[in-house]
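Contents: one structure, followed by commentary.
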Amino acid sequence: MSQELKQTPLHALHAELGAKFVPFAGYDMPVQYPAGILKEHLATRASAGLFDVSHMGQVRLTGPDADVQLERLVPGDIVALQPGEMRYTMFTNERGGVLDDLMVTRRADDVFLVVNAGCKDADIALLRTALGEGAVDYQPDRALLALQGPGAVAALARLAPESAALGFMKAASVSIAGTAAWISRSGYTGEDGFEISLPGAAADAVARLLLAQPEVAPVGLGARDSLRLEAGLCLYGNDLTPDITPIEAGLTWTISKRRREGGGFPGDAVIQAQIANGPARRRVGIQPEGRAPARAHTAVLGGGEVIGEVTSGGFGPSAGGPVAMGYVARGFAKAGTAIELDIRGKRHAAAVVKLPFTPHRYAKQDLRST
């Protein structure tokens with residue numbers, strides 16, 4: 001099976017560092033290094049972690065109206081983006097469900113997208129149908145690194161000094177040891193940090209330079225998942241699916257007033273109705289009592305009835321105990337509401353809590369997750 005898996009340009013470096021690999025979205029990816037998930041997680045919160053996210057899809061949209069055409073597929077305000085600004089949004093279907101979540105950046109000559117690895121083939125097909133074959137440039141030859149944590153800015157600034165002046169959710173072209181790279185001050189851990197797009201052929205050398213910085217440790221997918229869960233950030237396929245709308249997910253803040261009122265994207269009527277009337281269910285943080293973690297698909301009970309389901313759950317190393325997210329009926333969504341979890345046939349007490357489990361520490365403004 002592993003022979004069928006794709007490899008990122010950093011696969012050999014991961015092996016050299018002693019990574020344990022797992023199949024993920026068709027790629028052979030490092031889930032952890034010898035230090036282990038717990039230490040990798042805490043190292044990212046305390047200093048900086050380097051993640052290989054090259055399996056994600058990087059796509060350029062070109063043409064004079066690429067932004068307008070993209071807006072027909074997403075509820076985000078893409079036209080308002082200024083050069084160097086980026087936005088989190090999602091592809092939606094006619095029921096208002098989420099087909100994928102993505103980052104969109106306006107650049108001088110194109111609109112740049114980063115999409116999830118497991119959805120990228122469908123995303124590219126969707127884009128080519130909507131914008132035309134020639135307007136969609138998928139870039140499989142580029143690598144993507146994520147440098148996350150309070151020490152990230154110091155580490156990257158030694159190699160690319162201009163990176164320190166970049167604001168949150170802003171992006172720019174820089175040179176890292178002679179390699180032209182596109183960097184954004186963004187990430188998916190709740191920490192300050194950067195994502196670095198660069199030619200795949202240069203990824204190994206740049207990754208080694210970053211790992212040589214005293215703040216930086218290699219981090220695998222295991223800690224990436226626990227970090228984003230503590231930060232209250234959705235994982236596509238778990239917390240977001242074609243049957244879950246952005247409003248149910250608590251992502252209303254990603255839709256500007258103009259798009260809320262004007263619509264013009266798939267599922268706009270459903271989403272507008274949910275904004276006006278409130279959704280029947282909501283994504284919430286769930287704090288289990290005791291030490292038993294509640295995994296995805298754990299039933300959530302309230303008043304003796306099943307009122308929802310956990311979509312992400314596990315141990316939060318920084319939170320110091322089990323943490324979870326899931327969807328519950330609206331009447332049970334208020335923080336402080338007592339609920340129960342059916343964990344392997346045994347009921348465990350829990351409470352609805354406000355997200356995130358650990359405070360966001362972005363460079364400036366806050367990326368809210370409700």
Side-chain angles (χ1 to χ4, degrees), residues 8 10 13-14 17 19 30 32-33 35 37-54 56 58 84-86 88 103 105 112 114 142-177 179-198 202-233 317-318 356 358-367 369:
T8 75
L10 294 178
L13 176 58
H14 298 316
L17 293 171
Q32 67 177 81
Y33 298 88
I37 293 173
L38 180 65
K39 289 186 177 178
E40 292 170 21
H41 178 114
L42 295 174
T44 303
R45 291 267 186 253
S47 187
L50 183 67
F51 308 73
D52 179 11
V53 287
S54 303
M56 301 184 78
Q58 301 183 63
E85 291 184 348
M86 61 191 307
Y88 172 69
M103 300 298 296
T105 308
F112 179 63
V114 176
R142 292 189 71 82
L144 189 65
L145 307 178
L147 182 66
Q148 297 284 292
V153 61
L156 184 57
R158 290 189 202 102
L159 307 174
E162 61 270 51
S163 62
L166 206 60
F168 180 58
M169 296 295 277
K170 299 294 192 302
S173 178
V174 301
S175 175
I176 303 176
T179 294
W182 178 257
I183 66 168
S184 60
R185 198 150 191 177
S186 61
Y188 220 62
T189 61
E191 298 292 334
D192 183 22
F194 299 86
E195 293 195 342
I196 304 165
S197 170
L198 71 171
D204 185 282
V206 171
R208 289 177 189 273
L209 280 174
L210 291 168
L211 289 170
Q213 306 306 309
E215 299 90 350
V216 183
V219 180
L221 291 179
R224 181 173 171 80
D225 190 54
S226 58
L227 288 158
R228 72 90 198 162
L229 173 58
E230 284 186 340
L233 302 174
S318 304
T358 55
H360 291 168
R361 300 192 294 183
Y362 302 123
K364 290 183 181 176
Q365 69 195 75
D366 193 36
L367 180 62
S369 64

Could you tell me whether a side-chain N or O of [X] sits under 3.5 Å from a main-chain N or O of [Y], the two making a donor and an acceptor?
X: Arg185; Y: Gly167; answer: no
X: Glu215; Y: Ala154; answer: no
X: Thr105; Y: Met86; answer: no

Hey, are the side chains of [X] and [Y] touching, using non-hydrogen atoms and a 4.5 Å cut-off?
X: Leu227; Y: Phe51; result: yes
X: Leu210; Y: Ile176; result: no
X: His14; Y: Tyr33; result: yes
X: Ser318; Y: Leu42; result: yes
X: Arg361; Y: Asp192; result: no
X: Pro356; Y: Glu230; result: no

Minimum heavy-atom separation for [X] to [Y], with atom names?
X: Ala223; Y: His41; answer: CB-N, 3.7 Å
X: Gln148; Y: Tyr188; answer: OE1-N, 3.6 Å
X: Ser175; Y: Ala160; answer: O-CB, 3.8 Å
X: Ala164; Y: Val153; answer: CA-CG2, 3.8 Å
X: Glu40; Y: Pro218; answer: CG-O, 3.7 Å
X: Ser163; Y: Leu156; answer: OG-CG, 3.6 Å

So, Ser197 versus Gln58: side-chain donor-acceptor pair below 3.5 Å or not?
yes
Between [atom1] of [X] and [atom2] of [Y], what distance do you get to the nearest 0.5 Å?
X: Leu229; Y: Thr189; atom1: CG; atom2: OG1; answer: 12.5 Å
X: Arg224; Y: Asp52; atom1: CZ; atom2: CG; answer: 10.0 Å
X: Leu38; Y: Gln32; atom1: CG; atom2: CD; answer: 10.5 Å
X: Ser184; Y: Glu195; atom1: OG; atom2: CD; answer: 5.0 Å
X: Arg142; Y: Phe112; atom1: CZ; atom2: CZ; answer: 6.5 Å

* Run the numbers on Leu145 and Val53 for side-chain contact (heavy atoms from CB on, under 4.5 Å), then give the verdict. => CA-CA 6 Å; Leu145 307 178; Val53 287; 5.9 Å; no
Tested for side-chain contact (heavy atoms from CB on, under 4.5 Å) against Val174, the lone hit among Ile183, Thr179, Leu198, Ile196 is Ile183
